[in-house]
Number of protein chains: 2
Amino acid sequence: MTQMPPNPPALPDAPLVAGPEAMLCFNLYAASHAFIRLYTPHLERLQLTYPQFLVLLSLKDADGQGVGSLGAALGMETNTLSPLLKRMTTAGLITRIRSQEDERRVVVALTEAGRARAEQAAELPGCIARDSGMSEQSYWQTLETLHLLRAQIDTAAQKQKGGV
Amino acid sequence: MTQMPPNPPALPDAPLVAGPEAMLCFNLYAASHAFIRLYTPHLERLQLTYPQFLVLLSLKDADGQGVGSLGAALGMETNTLSPLLKRMTTAGLITRIRSQEDERRVVVALTEAGRARAEQAAELPGCIARDSGMSEQSYWQTLETLHLLRAQIDTAAQKQKGGV
DNA sequence: TGAAAATAAATCGCGCGCGACTTAATCACA
DNA sequence: TGTGATTAAGTCGCGCGCGATTTATTTTCA
């Protein structure tokens with residue numbers, strides 16, 4: 001019923017864009033990578049990659065998770081996380097210990113050094129946001145838009161998997 | 001002056017999220033990957049990866065570009081594009097020809113098969129959007145939000161590079 | 001003119017993403 | 001109780017992203 005792409009927005013000052021620029025998915029793709037590039041110099045100082053930074057922040061809020069629940073929180077599969085966590089273990093940031101009561105599970109926890117690094121990492125988003133000069137209102141509005149969008153994508157993914 | 005992250009939105013029905021969920025960059029990251037996963041089954045039918053899909057659409061609108069300008073349009077570096085374009089050449093979708101008047105430049109153009117594939121690929125965004133059930137208004141509003149966000153990220157990147 | 005600077009593309013190495021598959025432990029229930 | 005299904009994590013292979021470097025061509029200007 002609700003159709004979409006072609007047709008530029010019927011608004012007065014509509015930007016005359018076409019191709020990838022008119023697609024949500026490309027704009028998400030481009031914005032995500034550009035944002036990560038903005039983080040990169042700060043992350044290098046902390047000796048972290050962007051996905052490692054996300055794992056660190058996630059553990060800071062919920063230490064002692066299993067690999068699967070960590071992946072669910074960050075939208076990563078175990079085939080991404082397993083090698084990544086191995087590298088973070090080598091770097092001395094986390095420990096991975098087989099659970100006693102269920103030997104299939106591996107519990108991931110921050111080391112002392114990991115928690116310290118996480119504290120430093122937690123400063124970055126505010127620091128970047130401040131530098132960007134974005135207004136607080138616009139920040140939270142954009143955040144809400146993205147939450148809604150993610151919910152719609154998840155719904156569509158469910159429908160797709162259900163094969164209706 | 002304008003500070004940001006911690007502090008949940010001071011709105012009545014503010015979602016009580018913390019950690020990565022409260023960060024713009026993570027929501028962009030998660031939304032982008034989730035959206036690409038939505039595209040993947042359709043792209044497989046067209047024997048394309050997502051970045052190849054973007055290149056194809058970009059060439060459909062502006063054939064005969066150089067590698068650099070293609071990269072500028074899509075936010076990719078030549079070290080990403082060069083191998084990708086080589087694979088697309090092997091697949092018979094594009095041609096890469098050294099420019100006569102400036103032998104540094106390589107002109108990328110669609111083959112017949114490439115143009116046909118691009119036509120098919122151009123159907124996907126509308127198809128996906130229709131399936132998602134998103135309203136047309138919400139689509140264009142989200143698009144504008146993302147364009148504004150990308151502009152702010154670009155501005156911040158400029159400032160960062162300028163080293164102020 | 002010719003040597004240094006700038007530009008365009010490619011190559012290399014490493015860390016993700018992710019589809020496909022494997023291994024190992026637990027669960028379900030006939 | 002045991003055997004098949006399920007679940008959790010890991011391995012493998014390939015295609016990006018991207019920092020660092022290289023090669024080749026053109027531009028600049030002393």
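Letters go in sequence order (proteins before strands), and every chain restarts at 1.
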Peer 1: On DNA chain D, does the nearest nucleotide to A/H33 precede the nearest nucleotide to A/D102 from the 5' side, or the other way round? Give the residue.
Peer 2: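 Nearer the 5' end of the strand: A/D102.
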Peer 1: Nearest nucleotide by nearest heavy atom, which residue falls closer to the 5' end of DNA chain D, A/K86 or A/T40?
Peer 2: A/K86
Peer 1: State plainly whether the residues A/E21 and B/R150 are in salt-bridge range, i.e. N to O under 4.0 Å.
Peer 2: yes
Peer 1: By nearest nucleotide on DNA chain C, pick out whichever of A/R87 and B/T78 is the more 5' one.
Peer 2: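 The residue closer to the strand's 5' end, by nearest nucleotide, is B/T78.
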Peer 1: Let me see the working for A/Q160 and B/H42 under side chain to side chain contact (heavy atoms under 4.5 Å, CB included), right down to the final yes or no.
Peer 2: CA-CA 11 Å; A/Q160 193 177 74; B/H42 302 278; 3.7 Å; yes
Peer 1: Could you go through B/Y29 and A/Y50, starting from their C-alpha distance and side-chain angles, then the distance that decides it, and tell me whether this counts as ring pair (Phe, Tyr, Trp, His ring centres under 6.0 Å)?
Peer 2: CA-CA 10 Å; B/Y29 166 92; A/Y50 183 76; 5.7 Å; yes
Peer 1: Does B/T80 reach a base, just sugar-phosphate, or nothing at all? Heavy atoms under 4.0 Å.
Peer 2: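 Result for B/T80 = base.
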Peer 1: Please check if the side chain of B/S58 supplies one atom and the backbone of B/L54 the other of a donor-acceptor pair under 3.5 Å.
Peer 2: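 The answer is no, because no donor-acceptor pair under 3.5 Å joins these two groups.
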Peer 1: Testing A/L81, A/L110, A/V108, A/L93 one by one against A/M88 for a side chain to side chain contact (heavy atoms under 4.5 Å, CB included), which residue passes?
Peer 2: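 Single pass found, and it is A/L93.
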Peer 1: Toward the 5' end of DNA chain C, which comes first, B/V106 or A/E77, by nearest nucleotide?
Peer 2: B/V106
Peer 1: For A/L84, report the nucleic acid contact type (base, sugar-phosphate, nothing); a contact means any heavy atom under 4.0 Å.
Peer 2: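 Sugar-phosphate only.
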Peer 1: Taking heavy atoms of chain A and a 4.0 Å limit, find me the 5'-most and 3'-most nucleotide of DNA chain C within that range.
Peer 2: C/dG15 to C/dT26
Peer 1: Any side-chain N or O of A/S82 below 4.0 angstrom from OP1/OP2 of D/dG10?
Peer 2: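 Answer is yes, contact under 4.0 Å.
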Peer 1: So, OP1 or OP2 of D/dG10: does either fall under 4.0 Å of a side-chain N or O from A/R96?
Peer 2: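 For D/dG10, OP1/OP2 do have a side-chain N/O of A/R96 under 4.0 Å.
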Peer 1: Between A/R105 and D/dT7, does any side-chain N or O lie under 4.0 Å from OP1 or OP2?
Peer 2: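 No, outside the criterion.
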Peer 1: So, B/Q65 side chain and B/A62 main chain: donor-acceptor pair closer than 3.5 Å or not?
Peer 2: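 The answer is yes, because a donor-acceptor pair under 3.5 Å joins these two groups.
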